[in-house]
Amino acid sequence: MVDIACPYRARSRDHCGILWTARCDVITFDHSFAWSVSMPRWPDPDTKSRSLYDRALNVLPGGVTRVAPWQPPYPVYAQSCKGAWITDVDGNQIFDLINNFASLIHGHAHPAIIDAVTAQLSHGTACTMPTEREVALAELLCERVPAFDKVRFCNSGTEAVMLAVKAARAFTGRPALAKVEGAYHGTYDHVEVSLDSRPENWGNDPNPVAFVAGTPKAVLDDTVILPFNQPEAAARIIREQGARLAAVLIDLMPIYTGCVPATPEFLKAITEAARATGAIVILDEVISFRFGYSGGQGVFGIEPDLTTLAKIIGGGFPVGAVAGKEKIMAVFDHRSGKPAVASTGTFTANMVTMTAGLVGMELMTEEAFDRLNALGDRTRSKLSDAVRRSQYPAQITGHGSIFKIHTHSRPVNDYRSAWSTPEELADLAALQAGLLRRGFLISTKGNGFLSTVMTEAELDSFVDAVEGELRILATQRLLA
């Protein structure tokens, strides 16, 4: 056993070879990886983050605006962000593997985007009139994706999905929507249904289960739930809906259903069933658009009727979009009077977002996508190796530049097989918190999203940190 004293906010390497930055007094470790670190920055009560959270409790419900970044006993507050790193208000350096939940494909404050936005600021931020930049960004998207004839911009992924569902209803004249059990598509009423169904309300076929209090019964009645990656069952449920089904909403790799890709058989079955009933196929590419130059649909070989976009097409600024076939997108066309679906917004296609989005997407060449996906493949492979060495029963899933750490080793194929027990969730929380204390940020659900500015060396250090934390969990299991 060795104790090493280190200066305040020192940068050093632990016995795994991991580079970290921390406020610490003593590091204690041995060759079994069972080490401890005294880091007053979190979750010690005497930090600026703790003080800010106490202030926030007086003015924000629960002390936060976004629930997703929350973790007990208090969230870490950011001071500044650059590249792949965040500096918190206590001066600690944190390697950011969340990237604002997959929206920052170039990391923080990319110089080319910052220069373009800074130049735009002196010419205005938002204007009632349209601008050339929104035309240019729409042209870029349509040129890259064969299924995009027209694009309608909005301000978030939630809004994009809502508009796509409305467009499908307007085009088909039908009320019902089908979606996958456990799949997240934003905070619109119908797409939230069965987001977090539990074993006690599972049936042989998934049931529509309210996610938020006060969900109207009519919302549940018009929402059909599909099992993920079960082609025959999903196709049967779709066909049973017949002429009442307006759309089937799918995600190529729903983050909350285990972060496993849809199988070709599943995609083929549900798209064929949807078209046999006259329903619209809506592909949610809010996250999966980072999979390739023509989006996830180019990689998976699927051509939807409508696609929802957000995150990476905004260059780090709020954005959303619906894109698709001209005959369906015509529901937004106002030229003959009131459109079938009216959509507008004060900040829709604002100058700053369109400028940042255009530059960010221009930077994502085919070569850039190839490099980022290769980095993702490498990281998942090394994480899987680290899991095996740790002797903890974990596993890694994901695709492209996305990974997820599961604190169980059961085969994962859908929402139910990915379901974690309370004990497994407790281990995941401990893993995430341990990584944060080491200076690495992943989501509380175990997800990470890579960016183009990350290096192999940085990610190798992250892998070492994961192995160290899993070894600690494995030891704790043996001692329990």
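A donor and an acceptor atom, one from each side chain of T397 and H406, are located under 3.5 Å apart. Side-chain N/O atoms of Q432 and S443 include no donor and acceptor closer than 3.5 Å. Checked by atom type, the side-chain pair D115/T118 shows no donor-acceptor distance below 3.5 Å. Side chains of E285 and Q297: a donor-acceptor N/O pair is present below 3.5 angstrom, by distance only. A donor-acceptor contact closer than 3.5 angstrom links the side chains of H108 and D96. Side chain to side chain, Y392 and D427 meet the donor-acceptor criterion of an N or O pair below 3.5 Å. Residues T452 and H106 bring a donor and an acceptor atom of their side chains to less than 3.5 Å of each other. A donor-acceptor contact closer than 3.5 angstrom is absent between the side chains of D464 and S461. Between the side chains of N100 and S103, at least one donor N or O lies within less than 3.5 Å of an accepting N or O. For the 3.5 Å distance criterion, the side chains of T47 and Y74 qualify, holding a donor opposite an acceptor. Inspection of the Q93 and T87 side chains reveals an N or O donor paired with an N or O acceptor under 3.5 Å. A donor and an acceptor atom, one from each side chain of D414 and T257, are nowhere located under 3.5 Å apart.
S381 places no side-chain N or O within 3.5 Å of a backbone atom of D377 that could act as its donor or acceptor partner. Checking side-chain atoms of K404 against main-chain N and O of N447 turns up no donor-acceptor pair under 3.5 Å.
Summarising the geometry of C154 relative to A321, their closest heavy-atom pair is SG-N, 3.6 Å, with the distance given to 0.1 Å.
Contact of the Y184 side chain with the I255 side chain is not registered, since no non-hydrogen atoms from C-beta on lie closer than 4.5 Å. Looking at V466 and I405, their side chains come closer than 4.5 Å, going by heavy atoms from C-beta outward. The shortest side-chain heavy-atom distance between I86 and L441 falls under the 4.5 Å cut-off. At a threshold of 4.5 Å between non-hydrogen side-chain atoms, the residues Y293 and R144 count as touching. Side-chain contact between R290 and L372: present, with at least one pair of heavy atoms (C-beta onward) separated by less than 4.5 Å. The shortest distance between side-chain heavy atoms of L283 and L252 falls below 4.5 Å. For the pair V260/F228, a side-chain contact is recorded, criterion being any heavy-atom separation below 4.5 Å from C-beta on. Taking 4.5 Å as the limit, every side-chain heavy atom of M253 sits out of range of all side-chain heavy atoms of S288.
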Item to check | Verdict with reasoning, R50 to D46, per salt bridge (Lys or Arg N to Asp or Glu O under 4.0 Å) | outcome: CA-CA 7 Å; R50 174 80 239 193; D46 185 24; over 6 Å; no
Next on the checklist: Set out, in order, the CA-CA distance, both residues' side-chain angles and the distance that settles ring-ring contact (aromatic ring centres under 6.0 Å, His included) for W42 and Y77, then state yes or no.
Outcome noted: CA-CA 10 Å; W42 186 87; Y77 283 71; over 10 Å; no
Next on the checklist: Set out, in order, the CA-CA distance, both residues' side-chain angles and the distance that settles ring-ring contact (aromatic ring centres under 6.0 Å, His included) for F403 and F462, then state yes or no.
Outcome noted: CA-CA 13 Å; F403 68 82; F462 165 67; 5.5 Å; yes
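Summarising the local packing, CD of E232 is surrounded by 12 or fewer heavy atoms from other residues, nucleotides or ligands at distances under 6.0 Å.
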Identify each donor-acceptor pair in which a side-chain atom of residues 205-213 lies under 3.5 Å from a protein atom, sequence neighbours left out, and give them as a table.
{"unit_1": "D205", "atom_1": "OD1", "unit_2": "R236", "atom_2": "NH2", "d": "3.0"}
{"unit_1": "D205", "atom_1": "OD2", "unit_2": "R236", "atom_2": "NH1", "d": "3.2"}
{"unit_1": "D205", "atom_1": "OD2", "unit_2": "R236", "atom_2": "NH2", "d": "3.3"}
{"unit_1": "N207", "atom_1": "ND2", "unit_2": "N201", "atom_2": "O", "d": "3.0"}

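Rounded to the nearest 0.5 Å, atoms NE2 (H110) and OG (S451) are 9.5 Å apart. Rounded to the nearest 0.5 angstrom, I313 CD1 and L358 CG are separated by 11.5 Å. Separating the CZ atom in F266 from the CZ atom in F300 is a distance of 12.0 Å, to the nearest 0.5 Å. Rounding to the nearest 0.5 Å places CG of L431 at 10.0 Å from CD1 of I472. Distance CD/Q391 to CD/E467: 10.0 Å, rounded to 0.5 Å.
Remark: K445 is positioned above the aromatic ring of Y256, its terminal NZ or CZ atom under 6.0 angstrom from the ring centre and at most 45 degrees off the axis.
Using a 4.0 Å cut-off between charged side-chain N and carboxylate O, R438 and E469 make a salt bridge. Electrostatic pairing of R378 and D460 counts as a salt bridge here, judged by a charged N lying under 4.0 Å from a carboxylate O. For the pair E424 and R410, the salt-bridge criterion is met [side-chain N within less than 4.0 Å of a carboxylate O].
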